[in-house]
Asks: 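One structure follows; several queries about it will come next.
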Amino acid sequence: MAFDIDVLIVYADRDNEPLRSGEPGWVTQFRKFLELMLTQVLGEKPNVEIKSESSLRASIDNAAVWVALLSQDFIQSGGCLDHIEAIFKQSGAEARGRVFKVFKTPLNVQEQPPRLRELLGYEMYQLDPDSGEIREYTDYFSTEAERQYWMKMVDLAYDIYETLLRLRNTASASGGKVLFKRKTIYLAETAHDLSVQRNIIKRELQRHGYTVLPNQTLPGNMQELERLVRRDLNESALSIHLIGNAYGEIPEGSDRSLVDIQNKLAAEKSLQTKEHTQAFTRLIWISPHLTHASEKQKGFIDTIKRDVEAQEGAEILQTPLEDFKNIMREELEEAGGKRVFAETGGRSIYFMHDKVDHREAKPLIDVIRQSGFEVLVPSFEGDLLDLRQQHIDHLCNLDGAIIYQGKVNEQWVRMKALDLLKAPGFGRRKPIVAKAIVTAPGATLDPAGFKSQNLQVIEEDAQRPLESLKNFLLEFNA
């Protein structure tokens, strides 16, 4: 079926009011960033439109995907709620895979439109874990935004991307090619303080071909919660639990937190499968930094460490998170064969550039090769999923990285810089020796915006390309 609109964003009027005069509104910025990221993964510019409550029509637009920007104003808007209801009535059961809910501000389950409650949400607001204060992002390239806003934006873009591919009939029913098909893993929901860490692990597992459960919002009612968690655990060969400072939400009808309940039910499954050849295993990570943990949370952690039943089938680790992720990878690799990354001898440089800049970039690539380095470069032809996987492999293998800015704009450069920050989430295990942005003559870029990422900005000398890169290359001999 052909669609007039790829992505239609529905929002309440007040949610796009600028915080300061002359600045674009929150929704306008959101649309811009989502369109940019979808362009990166689709390889073409999608048709992304926004419609506020005052511009929604009586008839439903012919859209492939709808994004509902949830806020207090949204749930008080009759026009927005009616539009969501009409989408589900028109599309039936199929709407569940084509509607995405994004939280501009926090809403509990009961406040959300009934049609959207079970859908996974994408939190795009700033939450202070200590004070609980909620703020809108104004600096989209701050360290905090890179950890929360952009991680969620990447998630949303990839999930929409897979939906668009499915609807266009250009991908398999599984939503694309995977590195290898693996088992189903239960990645337990966490308290708010570890949501970013859980998200990174989830994406790494998915990109390696694993099915990750739960794949819907868990209910707040204890009876229904236990039923769904048990169902998902029964489909899984491994469960992963992340435990930090916060005890987490307590479902209705229980005195235990969601984190505690999931761990208890996973331990029960371990006992049930103890005699089976294909035993169910668990990995439990406890944060080594528990200075802000409540007494109840400390008691929960002590129980995990001391209770033999709670430890059944579990490996408990209180290490830095990166060490835990390495152990997790080893556990998974042992279950189904190891993925081998190339040996680079510590002298591989990933030269990231866009197709429009390939001719200008070639002299620099040649100079780096002639200096004795292996140069990894992007491909521009072939299946989009294969190209994306190659990009991820390069991020895992590189020793150094150069982002080249010629005709591309600063937003493109920032997207590649964010990919470097997220490389550990893709499976990277070693530090990056050196990374830089090389700007072509005439290109404009503000170096100050990249200092926090330890990215040096180098202005290319077209007449002496080696001189431009001399100091950067010397870092590999330090």
Side-chain angles (χ1 to χ4, degrees), residues 181-191 194-195 197-198 201-202 204-206 208-216 218-219 221-244 246-251 253-288 290 293 296-319 321 323-338:
K181 184 60 182 173
R182 296 294 193 133
K183 299 174 182 177
T184 298
I185 295 170
Y186 188 88
L187 179 58
E189 293 287 355
T190 65
L194 293 178
S195 61
Q197 290 85 342
R198 180 186 184 274
I201 290 174
K202 176 186 173 183
E204 180 172 345
L205 292 171
Q206 288 176 327
H208 283 71
Y210 295 95
T211 300
V212 180
L213 298 176
N215 59 4
Q216 68 179 77
L218 293 177
N221 174 275
M222 182 60 182
Q223 185 175 356
E224 185 64 11
L225 170 68
E226 284 196 338
R227 185 186 70 80
L228 286 175
V229 172
R230 282 198 171 100
R231 183 198 67 187
D232 287 351
L233 286 169
N234 285 336
E235 295 180 18
S236 305
L238 168 74
S239 69
I240 298 172
H241 306 259
L242 308 180
I243 297 169
Y247 185 60
E249 295 182 12
I250 298 176
S254 174
D255 58 356
R256 292 174 179 253
S257 73
L258 174 60
V259 177
D260 193 344
I261 292 166
Q262 292 173 103
N263 185 65
K264 172 180 171 289
L265 295 176
E268 287 179 5
K269 182 177 179 185
S270 291
L271 282 169
Q272 292 166 5
T273 60
K274 189 174 181 180
E275 304 303 323
H276 296 181
T277 305
Q278 295 287 332
F280 174 78
T281 57
R282 294 187 294 146
L283 289 177
I284 301 175
W285 176 77
I286 300 172
S287 171
L290 296 171
K296 191 162 189 176
Q297 179 69 347
K298 289 176 181 176
F300 169 48
I301 292 170
D302 285 343
T303 299
I304 291 175
K305 289 180 176 180
R306 297 175 184 174
D307 191 321
V308 174
E309 187 173 298
Q311 295 177 9
E312 183 63 46
E315 184 174 357
I316 302 171
L317 301 136
Q318 192 165 11
T319 63
L321 185 60
D323 292 345
F324 171 77
K325 285 164 64 179
N326 289 336
I327 292 167
M328 178 192 75
R329 293 183 195 111
E330 291 169 3
E331 178 82 18
L332 296 171
E333 286 167 352
E334 287 175 6
K338 294 188 176 182

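Not measured: the values here are computed from a predicted model. Just the heavy atoms: all of them, side chains too, but no hydrogens, waters or symmetry mates, feed the values below.
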Asks: Measuring from Phe280:CZ to Leu233:CG, what's the distance to the nearest 0.5 Å?
Replies: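 Spacing of CZ (Phe280) from CG (Leu233) equals 5.0 Å.
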
Asks: Nearest 0.5 Å, please: how far is CH2 in Trp285 from NZ in Lys325?
Replies: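 So the gap between those two atoms works out to 10.5 Å.
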
Asks: Hey, is CD on Glu226 packed in by over 12 heavy atoms from elsewhere, all under 6.0 Å?
Replies: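 Yes, CD of Glu226 has more than 12 neighbouring heavy atoms, counting only those of other groups under 6.0 Å.
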
Asks: So, does Gln318 use its side chain to make a donor-acceptor pair with the main chain of Ser287 at under 3.5 Å?
Replies: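 Yes, because the side chain of Gln318 sits within donor-acceptor range (under 3.5 Å) of the backbone of Ser287.
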
Asks: Can you name the closest pair of heavy atoms from His241 and Ala188 and give their distance?
Replies: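 Closest heavy-atom pair between His241 and Ala188: ND1-CB, 3.5 Å.
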
Asks: Should we count CD of Gln223 as having more than 12 external heavy atoms under 6.0 Å?
Replies: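 No, the 6.0 Å shell around CD holds no more than 12 heavy atoms from other groups.
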
Asks: Has the side chain of Tyr247 got a donor or acceptor atom that lies under 3.5 Å from a matching backbone atom of Ser257?
Replies: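 Yes; judged by distance alone, with no hydrogens or angles, the pair exists.
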
Asks: Test your reading of the model: is there a side-chain donor-acceptor pair from Lys269 to the backbone of Ser239, 3.5 Å cut-off?
Replies: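 Here the side-chain-to-backbone pair does not exist.
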
Asks: Working to the nearest 0.5 Å, report the span between CG of Asn234 and OG1 of Thr184.
Replies: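 Spacing of CG (Asn234) from OG1 (Thr184) equals 11.5 Å.
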
Asks: Here's a test for you: under side chain to side chain contact (heavy atoms under 4.5 Å, CB included), which of Thr190, Asn263, Ile250, Leu225 qualifies with Leu258?
Replies: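 In the set Thr190, Asn263, Ile250, Leu225, the residue that makes a side chain to side chain contact (heavy atoms under 4.5 Å, CB included) with Leu258 is Leu225.
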
Asks: For the atom pair CG (Leu218) and CG (Asp232), what is the distance rounded to the nearest 0.5 Å?
Replies: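 If I round to the nearest 0.5 Å, the distance is 7.5 Å.
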
Asks: For the CZ atom of Phe324 and the CD1 atom of Ile284, what is their distance to the nearest 0.5 Å?
Replies: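 These two atoms lie 9.0 Å from each other.
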
Asks: What are the two closest heavy atoms between Ile185 and Ser236, and how far apart are they?
Replies: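 Closest pair (atom of Ile185, atom of Ser236, distance): C-OG, 3.9 Å.
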
Asks: Taking the side chain as every heavy atom from C-beta outward, state whether Leu205 and Ile240 have any atom pair closer than 4.5 Å.
Replies: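 SC-SC contact between Leu205 and Ile240 confirmed.
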
Asks: Taking the side chain as C-beta and beyond, is there a heavy-atom pair between Arg256 and Met222 under 4.5 Å?
Replies: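 Contact flag for Arg256/Met222 side chains = no.
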
Asks: Do side-chain atoms of Gln297 reach the backbone of Ala246 as a donor and acceptor pair under 3.5 angstrom?
Replies: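 Judged by distance alone, yes, a pair lies under 3.5 Å.
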
Asks: Under the 3.5 angstrom rule, does the side chain of Arg198 hit a backbone N or O of Leu187 as a donor-acceptor pair?
Replies: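 Indeed, once roles are kept as given, a pair shorter than 3.5 Å links the two residues.
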
Asks: Passes side chain to side chain contact (heavy atoms under 4.5 Å, CB included), Leu242 versus Ile201? Steps please.
Replies: CA-CA 10 Å; Leu242 308 180; Ile201 290 174; 4.0 Å; yes

Asks: Could you tell me which residues satisfy salt bridge (Lys or Arg N to Asp or Glu O under 4.0 Å) with Lys296, sequence neighbours excluded, listed by chain and number?
Replies: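 Expected list: none.
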
Asks: Any side-chain heavy atom of Leu228 within less than 4.5 Å of one from Pro214?
Replies: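 They are not in side-chain contact.
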
Asks: Is a donor on one side and an acceptor on the other found under 3.5 Å between the side chain of Gln262 and the backbone of Glu189?
Replies: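 Indeed, once roles are kept as given, a pair shorter than 3.5 Å links the two residues.
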
Asks: Ile261 versus Val229: any side-chain heavy-atom pair under 4.5 Å?
Replies: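 No, their side chains stay 4.5 Å or more apart.
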
Asks: Can you tell me how far the CZ atom of Arg230 sits from the OH atom of Tyr186, to the nearest 0.5 Å?
Replies: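 Those atoms lie 11.5 Å apart.
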
